[in-house]
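Computed from a prediction, not measured in an experiment: that's the story for all the values here.
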Amino acid sequence: MYLSSSQIQQLEKRYRANLINSLSGYKSANLIATKSQDAIENVAIFSSVIHLGSKPPLLGFILRPTSATRNTWDNINTSSFFSVNHVNQKIYKQAHHTSARYDGTTSEFKKTQLTPEYKNNFFAPFVKESPIQIGCKMLNNYYIEENECRLIVAEIKQLYLSEKPAKDGWLDLSKHDTLSINGLDAYTLPTLLDRLAYAKPNEETRSLLDE
């Protein structure tokens, strides 16, 4: 199958969205939880959370155009704080439902029976059912002119794990039951294939799992 740029632009809207959203590969499935200044708790699913660096520990994610009402953006822009929570098999349907368009006076926690959880005086709630919970503070945001989206850059301030990392700090996400997203609405459970040693010139690639 071949599609030119002009053919892609002419595709039916939903077909094009499903296709283009699948092209970048499997994406992370995370719930981003925030709280308004009126103490209304918000939680929404995102597939755009990415690693930006480890010193300092940074995460980023993409917000769709903020010309429309975005409760997540409104709350983060006001307080700077939010949490990132991995989605697992037990909560993926509730997590998906958070994409429904509720207004800012309605808490998605109540609509989905997900549980807000507060820890160590962090302003934003965590999702209690999530196996990996990350407390973040926005450091900056960058407007993307090409599509009017916004890149949020945040520092990791708190971290909670349901399973301990390996001795070298690596997290086996399969043990945490972490799901990924294919396209817009397909949830997948990855399995560990291998873990490979640091690559060096002229040396054979070896598996760390054999050691």
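Under a 3.5 Å cut-off, the side chain of Q7 and the backbone N or O of S4 do form a donor-acceptor pair. Within the 3.5 Å criterion, the main-chain N or O of G135 finds no donor-acceptor partner in the side chain of S83. In this structure, the side chain of H176 engages the main chain of D172 through a donor-acceptor pair within 3.5 Å. Side-chain atoms of S130 do not come within 3.5 Å of backbone N or O of V127 as any donor-acceptor pair. In this structure, the side chain of R16 engages the main chain of L11 through a donor-acceptor pair within 3.5 Å.
Atoms CZ and CG, on R101 and N71 in that order, are 12.0 Å from each other to the nearest 0.5 Å.
For the residue pair N140 / Y142, a side-chain donor-acceptor distance below 3.5 Å is found, with atom types taken as modelled. Side-chain contact of N42 with S107: a donor-acceptor pair under 3.5 Å is absent, judged by distance alone. Counted by atom type alone, D194 and S207 present one or more donor-acceptor pairs between their side chains at under 3.5 Å. There is no side-chain donor-acceptor pair under 3.5 Å between Q158 and Q133.
Taking the centre of each ring, F82 and F61 come in below the 6.0 Å mark.
Using cut-offs of 30° and 60° on the angle between ring planes, the pair Y187 and Y92 is tilted. Note on ring orientation: taking the six-membered ring where Trp is involved, the planes of F123 and F81 are tilted (angle from 30° to 60°).
Taking the ring axis of F122 as reference, the NZ or CZ atom of K157 does not stay both within 45° of it and closer than 6.0 Å to the ring centre.
Other residues, nucleotides and ligands contribute only 12 or fewer heavy atoms inside 6.0 Å of the CD atom of E145.
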